[in-house]
Amino acid sequence: MTDSYDVVGVALGPFNLGLAALLDDTDCDALFLEQKPEFEWHGGMLIEDATLEVPFLADLVTLADPTSEYSYLNYLRETDRLYEFYFYETFQVPRREYDDYCKWVADALESTAFSRRVTDVRYDDADEVFHVTARDPKSGETVECEADDVVVGVGSVPHVPEELQGHPESDVFHTASYLDRRERCLDAEAITVVGSGQSAAEVFLDLLKRQPEAGYRLDWFTRSDGFFPMEYSKLGLQHFTPEYTEYFYDLPQERKDSILPEQDLLYKGIDPETSEEIYDLLYERSIGDSDPDVGMLAMTEVENIEEAGDGYLLTCEQRQTGERFAHGSDVVVLGTGYHRPQSPFLAGIEDRIARDAKGRLRVAENYEIEFDGAGRLFVQNPGLHSHGVGSPDLGLCCQRNAVIIESLLGEERYPTDEDTVFQDFSVERFCEKSPDSERLRDGKELGDDERSNDGDRSADERASDERTATTRED
Ligand SMILES: Cc1cc2nc3c(=O)[nH]c(=O)nc-3n(C[C@H](O)[C@H](O)[C@H](O)COP(=O)(O)OP(=O)(O)OC[C@H]3O[C@@H](n4cnc5c(N)ncnc54)[C@H](O)[C@@H]3O)c2cc1C
Ligand SMILES: NC(=O)c1ccc[n+]([C@@H]2O[C@H](COP(=O)([O-])OP(=O)(O)OC[C@H]3O[C@@H](n4cnc5c(N)ncnc54)[C@H](OP(=O)(O)O)[C@@H]3O)[C@@H](O)[C@H]2O)c1
């Protein structure tokens, strides 16, 4: 007989693992299926010294339930590191330790199953259940189960631009497999790193540290306008809060699409500490007449890579001047980011899933995908288009899971924090709190009746009125 669950989670990245941990304390019967043989968080990037970009308080459970047994602090207690951590006095913990913490949680939960790649999800209208099929990638063994609801948490996958594909992976590879290929780098005469997100910066720094012993030439190109830092000021970080997520969600889609490219440096770019470390190392290496044997060029797109003798020739264009040049290298490390292709296991229910004109999932505020059927399909990390820059951020993991759990159980189980910021994002909120401000419609103040009925109007209508009011005030 096929096993039946209230909810099946597809994949165990931190987001679905957090959901599994929070559901453990409820009556919900859940199963989470992960394709890897054990939990692993971006394994190829677990570089020594690399840290989380969020404080450890953004663990899998604390921001929803600080008393949970699956908290980071309890992990430290159970692994006898609480005092060591106390004197460590650092909020941004090593990435290798966060990975170990997640493994510890995954091992403690009964609802997790590894070596289970989900290959198919179907919906049965008669029984009102999802049929989920998973396969062990190694043995080929297939398992099936049924679920009332499904939560997809497959994250994103490494992106290599088409023009840069097709070369031996030992020499031209994505940062996601850096640690598996680092030995090869140490044998190279010339290495080129591409991109200026945090991944490329961490790889560049690691290679820079190893350069004196290995003796290679090291170059770094990025298409971005500069080797710019990611936003890390406290007020700027308030964009990664429930309030900003709610504000962004309520905007009309075309407004969201125009805002996102302007928000690159909120989540792309280099952690200021990594940037500083790179600069200081270069400074140290260049004392006196020394040459660090390093090249760095921004505004430069790598358009093509071709094999040339024992190495590779990169064709590059400086995008502001239009100048083009060829560059030789034995090894190329591509920090060209991540993307979210459509999930093949959803093909069997694709005709029931609503997508927008750009093929993106239509996601409700509670992270439910618009689905034609009685069952509910949720998504953890759908991309930025619906809920904004906070979508892939670990700091919003607990909040999102509290919302999903409320929908799954039909009642609030974990409080969803509100009023967590000092600033406001929506005019409505600001005016509610400000004694000297009144919202305007057609240049006039809203009457009491209009104000109290305003909550019933659609977000698009409200946003449109706010735009009108702002234009008039201007
Ligand atoms: C190197 C790196 C470091 C980062 N550091 C931070 C940070 O410090 N702070 C921060 O806020 N964000 C960080 N991020 C952003 C990232 O979005 C989050 O860290 C996080 O990994 C997202 O979690 P997730 O659960 O969506 O998916 P992922 O972590 O991407 O995990 C997805 C999982 O799905 C599994 N899977 C895929 N398909 C299937 C299938 N068909 N069946 C079963 N399993 C499947 C995969 O094997 C994988 O384990 C980082 C990203 C990278 C690349
Ligand atoms: N320590 C950590 O916690 C940590 C570590 C790694 C990653 N992360 C997170 O993971 C996410 C992904 O980061 P990421 O660094 O992997 O990717 P990313 O931030 O998306 O950066 C990709 C970079 O590659 C550039 N690029 C793409 N194609 C190019 C080409 N053909 N030629 C030259 N440059 C090219 C991009 O330029 P454009 O700007 O023009 O697109 C951009 O600079 C981010 O949210 C990041 O914060 C966190």
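Counting starts at 1 for both ligands and their atoms, in listed order.
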At under 4.0 Å between heavy atoms, is it the side chain or the backbone of [X] that contacts ligand 1, or both, or neither?
| X | value |
| --- | --- |
| Leu33 | backbone |
| Lys36 | side chain |
| His42 | side chain |
| Arg116 | backbone |

>> I need the minimum non-hydrogen distance between Gly18 and Asn401, along with the two atoms involved.
In response: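 Closest pair (atom of Gly18, atom of Asn401, distance): C-ND2, 3.5 Å.
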> Nearest heavy-atom pair of Ile353 and Leu361: which atoms, and what distance?
Replying inline: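 So the minimum-distance heavy-atom pair works out to CG2-CD2, 3.6 Å.
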Winner among [options] once heavy atoms are compared against [atom]:
| atom | options | answer |
| --- | --- | --- |
| atom 32 (C) of ligand 1 | Thr51, Val154, Val379 | Val154 |
| atom 11 (O) of ligand 1 | Leu394, Leu396, Asn381, Val152 | Leu394 |
| atom 13 (C) of ligand 1 | Trp41, Tyr338, Tyr267, Phe32 | Trp41 |
| atom 23 (O) of ligand 1 | Pro14, Pro55, Cys102, Gly395 | Pro14 |

> Would Asp99 and Lys103 satisfy salt bridge (charged side-chain N to carboxylate O under 4.0 Å, His left out), going step by step from the backbone distance to the final call?
Replying inline: CA-CA 6 Å; Asp99 176 64; Lys103 273 196 180 79; 2.9 Å; yes
>> Among residues at least two apart in sequence or on other chains, which ones pass side chain to side chain contact (heavy atoms under 4.5 Å, CB included) with Thr315?
In response: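 Result, side chain to side chain contact (heavy atoms under 4.5 Å, CB included) vs Thr315: Glu303, Asn304, Glu306, Arg324.
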N/O pairs closer than 3.5 Å, ligand 2 and protein:
{"residue": "ligand 2", "atom": "1 (N)", "partner": "Thr51", "partner atom": "O", "Å": "3.2"}
{"residue": "ligand 2", "atom": "1 (N)", "partner": "Arg95", "partner atom": "NH1", "Å": "2.7"}
{"residue": "ligand 2", "atom": "1 (N)", "partner": "Glu202", "partner atom": "OE2", "Å": "2.7"}
{"residue": "ligand 2", "atom": "3 (O)", "partner": "Glu53", "partner atom": "OE2", "Å": "3.3"}
{"residue": "ligand 2", "atom": "15 (O)", "partner": "Gln198", "partner atom": "N", "Å": "3.2"}
{"residue": "ligand 2", "atom": "15 (O)", "partner": "Ser199", "partner atom": "N", "Å": "3.0"}
{"residue": "ligand 2", "atom": "15 (O)", "partner": "Ser199", "partner atom": "OG", "Å": "3.3"}
{"residue": "ligand 2", "atom": "16 (O)", "partner": "Ser199", "partner atom": "OG", "Å": "2.7"}
{"residue": "ligand 2", "atom": "24 (O)", "partner": "Gly335", "partner atom": "O", "Å": "3.1"}
{"residue": "ligand 2", "atom": "31 (N)", "partner": "Val302", "partner atom": "O", "Å": "3.1"}
{"residue": "ligand 2", "atom": "32 (N)", "partner": "Val302", "partner atom": "N", "Å": "3.0"}
{"residue": "ligand 2", "atom": "34 (N)", "partner": "Arg223", "partner atom": "N", "Å": "3.1"}
{"residue": "ligand 2", "atom": "37 (O)", "partner": "Ser224", "partner atom": "OG", "Å": "3.2"}
{"residue": "ligand 2", "atom": "39 (O)", "partner": "Ser224", "partner atom": "OG", "Å": "2.8"}
{"residue": "ligand 2", "atom": "40 (O)", "partner": "Arg223", "partner atom": "NE", "Å": "2.9"}
{"residue": "ligand 2", "atom": "41 (O)", "partner": "Arg223", "partner atom": "NH2", "Å": "2.8"}
{"residue": "ligand 2", "atom": "41 (O)", "partner": "Lys268", "partner atom": "NZ", "Å": "3.2"}
{"residue": "ligand 2", "atom": "43 (O)", "partner": "Ser196", "partner atom": "N", "Å": "3.0"}
{"residue": "ligand 2", "atom": "43 (O)", "partner": "Ser196", "partner atom": "OG", "Å": "3.3"}
{"residue": "ligand 2", "atom": "43 (O)", "partner": "Thr222", "partner atom": "OG1", "Å": "3.3"}
{"residue": "ligand 2", "atom": "43 (O)", "partner": "Ser224", "partner atom": "OG", "Å": "2.8"}
{"residue": "ligand 2", "atom": "45 (O)", "partner": "Tyr267", "partner atom": "O", "Å": "3.2"}
{"residue": "ligand 2", "atom": "47 (O)", "partner": "Glu53", "partner atom": "OE1", "Å": "3.3"}
{"residue": "ligand 2", "atom": "47 (O)", "partner": "Tyr267", "partner atom": "O", "Å": "3.2"}

Per-atom contacts, ligand 1 versus [X] - under 4.0 Å to a heavy atom:
| X | answer |
| --- | --- |
| Leu52 | 8 (O) |
| Asp393 | 11 (O) |
| Phe345 | 41 (N) |

>> Below the 3.5 angstrom mark, is there an N/O of Glu40, backbone or side chain, next to an N/O of ligand 1?
In response: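 N/O-N/O distance under 3.5 Å: no.
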> Can you say whether the rings of Phe56 and Tyr72 are parallel (under 30°), tilted (30 to 60°) or perpendicular (over 60°)?
Replying inline: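 Rings of Phe56 and Tyr72: tilted, as their planes differ by 30° to 60°.
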> Is the Phe130 to Phe371 ring centre distance short of 6.0 Å?
Replying inline: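 Yes - the distance between ring centres of Phe130 and Phe371 falls below the 6.0 Å cut-off.
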> Are Tyr338 and His174 an aromatic pair by the rule of ring centers under 6.0 Å?
Replying inline: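 Between His174 and Tyr338, which both carry aromatic rings, the centre distance is below 6.0 Å.
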> Hey, does Asp25 have a side-chain heavy atom less than 4.5 Å from the side chain of Tyr70?
Replying inline: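 The answer is no, as the side chains (C-beta and beyond) never meet within the 4.5 Å cut-off.
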>> Whether Arg81 and Asp100 form a salt bridge (side-chain N of Lys/Arg under 4.0 Å from carboxylate O of Asp/Glu) is what I want to check.
In response: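 Not counted as a salt bridge, because no side-chain N and carboxylate O are separated by less than 4.0 Å.
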> Salt bridge between Arg362 and Asp356, side-chain N to carboxylate O under 4.0 Å?
Replying inline: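 A salt bridge is absent here (no side-chain N lies under 4.0 Å from a carboxylate O).
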